[in-house]
Amino acid sequence: MSEFREESLSTSGGHEPTTSECPEPTRTGPLSEAKLLGRRTPPAAAETAHRVTQPIGGYQSLAGLLFGYALLIAGNGLFQTLIPLTMLHAGTSTLMVGLVQSCYYGGFVAGAICNRRLIDRIGQHRTFVAFAAAAAILASAFSLFQSPWAWAPIRFMTGFAFMGLYTSIESWLNGTSRNENRGQIFGMYAAINYLAVGTGQFMLRLHDPSDGRLFSLVAALFAAAVIPVSLFEGWPVRVADESLDRLPPHSWRDSLRAMAHASPLAIPGCILAGFLYSTFYSMTPVFLERTGFSTSELSTFMGVALVGALIPQWPMGRLSDRIDRRRLVYATAMISMSLSLMLAAIHLAAFVWIGMLAYVAVTFTQYGLIVSHIHDRTQPHLRVAVSATLLVLFSVGGLSGPAFASLLMTAIGPTGLFVFNALSSLLMALSARRALRALP
């Protein structure tokens, strides 16, 4: 999932990150974790908290958190690609690989529902440490089993843990950055994501994926992420529950209605983006292995593709401030569909390299465009609830996409991946065109 939240941050298109958009008495004070459940801190409590810890605004003071995040994402980038390779070497079918990979996003859905309460109770820093430790244990456990029935719950629990990690990191950054540098900090956050996940792919070269030692490296990176966060000064300040006013609750159904009213692109767009993003991470290694790529070539390809995905993020975000975001979603979806159809028809190695790199660069801008468009049309008091709902919808797409893609790959061969991508991109383009016609 790392993949889907970072996109929305790098192409925010003029709206602030949503976890900070609840009404607040002070915009630059330290984060009160209880605000994550739709609460606000009265002025007196906020002033007391401000005297305890000053806000964190400079890059130096955020270095610990961002360095820990980089280690975490580098490990997860390696983990995401190592899992399908390990399963294929164990003789697992393509369909079962897709189903096990889908469990990761099932954990995302469960985490999106449950983790906000945990963060409110124990705080971002403790949540980060706990879930990083859990992820390290799960990475080590994966190499101990040779059965999909054991791998599936491990992937589910890993997704649950990473949803908690992403939520704690992003809410921490939202609460400790200032209005005047928030965009720069989250731009750095997105850049670190792509650089780290791309770097993780190159680590596949260090050992044979079938011998299990790379899982120890993944676990070590997850555990190492705790060190800079633990040494980081300026942890978020908690405010006692008795000092808080509760805001009126906003249900999932209310959020879905608000999103559907804001734009017809909201619900199908987020689910389809989940299809496309999760399928790339989960099933592209399967396609490359099935079509004869060596582990070294696969590592290089995935690393270059994911680092290359960083390049269009800022230009597309700037462009989306000047052009209707729905038109950009339509255009990028049509380009993605065209590239997918060409990749399904042309199997030359050179074209696969060029076509896939272009596909990733274009497709990985779509989720950010969709989220920015939805928030353009969302009332401020609904944005926190809508943001959580967007995350769940994306995770539903991530849960379903690898399973559907693996069915097509089983039925028509490895190129079924591109057929699935083409169909998903076509549906994305149709949803964007419908949104253009429905609303001015």
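Phe420 pairs by the ring-ring contact (aromatic ring centres under 6.0 Å, His included) definition with Phe275, not counting sequence neighbours. Not counting sequence neighbours, the partners of Leu426 by the side-chain contact (heavy atoms from CB on, under 4.5 Å) test are Met337, Leu430. Take Phe156 and apply the ring-ring contact (aromatic ring centres under 6.0 Å, His included) test, not counting sequence neighbours, and it matches no residue. Partners of Leu206 according to the side-chain contact (heavy atoms from CB on, under 4.5 Å) rule, which considers only residues two or more places apart in sequence or in another chain, are Met203, Leu214, Leu217. In this structure, Ser340 has no side-chain hydrogen bond (donor to acceptor under 3.5 Å, both in side chains) partners at least two apart in sequence or on a different chain. In terms of the salt bridge (charged side-chain N to carboxylate O under 4.0 Å, His left out) criterion, residue partners of Arg213 (sequence neighbours excluded) are, by chain and number, Asp211. With sequence neighbours left out, the ring-ring contact (aromatic ring centres under 6.0 Å, His included) criterion links Phe301 to Trp353. For Tyr359, there are no ring-ring contact (aromatic ring centres under 6.0 Å, His included) partners two or more places apart in sequence or in a different chain. Ser216 meets the side-chain hydrogen bond (donor to acceptor under 3.5 Å, both in side chains) test with no other residue; sequence neighbours excluded.
Between Met334 and Tyr330 there is a side-chain heavy-atom pair separated by less than 4.5 Å. Side-chain contact check for Leu399 versus Tyr104: every heavy-atom pair is 4.5 Å or farther apart.
Within the structure, side chain to side chain donor-acceptor pair (under 3.5 Å) pairs that include any residue of residues 402-423 do not occur (at least two apart or interchain). Pairs engaging residues 89-98 under the side chain to side chain donor-acceptor pair (under 3.5 Å) rule: Thr94-Arg290 [sequence neighbours left out]. For residues 127-155, the side chain to side chain donor-acceptor pair (under 3.5 Å) pairs, not counting sequence neighbours, are Gln80-Arg155, Gln101-Arg155.
Although no hydrogens or angles enter the test, the distance criterion places a donor-acceptor pair under 3.5 Å between the side chain of Glu297 and the main chain of Ser294. Checked by atom type and distance alone, the side chain of His347 pairs as donor or acceptor with a backbone atom of Ala344 at under 3.5 Å. No donor-acceptor pair closer than 3.5 Å links the side chain of Arg325 to the backbone N or O of Leu369. Side chain of Thr81 to main chain of Leu78: no donor-acceptor pair is present (N/O by atom type, distance under 3.5 Å, no hydrogens or angles). Between the Ser299 side chain and the Thr295 main chain, no donor and acceptor come within less than 3.5 Å of each other. Checked by atom type and distance alone, the side chain of Ser400 never pairs as donor or acceptor with a backbone atom of Gly397 at under 3.5 Å.
Under the ring pair (Phe, Tyr, Trp, His ring centres under 6.0 Å) rule, Phe162 has a single partner from Phe222, Phe79, Tyr105, which is Phe222. The only option from Phe287, Phe280, Phe351 that meets the ring pair (Phe, Tyr, Trp, His ring centres under 6.0 Å) definition with Phe418 turns out to be Phe287.
One distance of note links CG of Leu408 with CE of Met283; it measures 10.5 Å at 0.5 Å rounding. The structure places CD1 of Ile271 at 10.5 Å from CE of Met428, a figure rounded to the nearest 0.5 Å. With rounding to the nearest 0.5 Å, the separation of CD1 in Ile192 from OG1 in Thr199 is 11.0 Å. The CD1 atom of Ile412 sits 11.0 Å away from atom CG of Leu407, with the distance rounded to the nearest 0.5 Å.
Heavy atoms only, all atoms of each residue included: Thr365 and Ala361 are closest at CG2-O, 3.5 Å. Contact between Val197 and Gly77 at its shortest, heavy atoms only, is CG2-CA, 3.5 Å. For the residue pair Cys270 and Leu393, the shortest heavy atom distance occurs at CB-CB, 3.9 Å. Of all heavy-atom pairs spanning Gly269 and Ile370, the tightest one is O-CD1, 3.5 Å.
Residue-environment remark: CZ (Phe202) exceeds the threshold of 12 foreign heavy atoms within 6.0 Å. Residue-environment remark: CZ (Phe404) stays at or below the threshold of 12 foreign heavy atoms within 6.0 Å.
Between Phe364 and Tyr281, the ring planes lie tilted relative to each other; the angle falls in the 30° to 60° range.
Under 3.5 Å, the side chains of Thr363 and Ser336 contain a donor-acceptor pair of N or O atoms.
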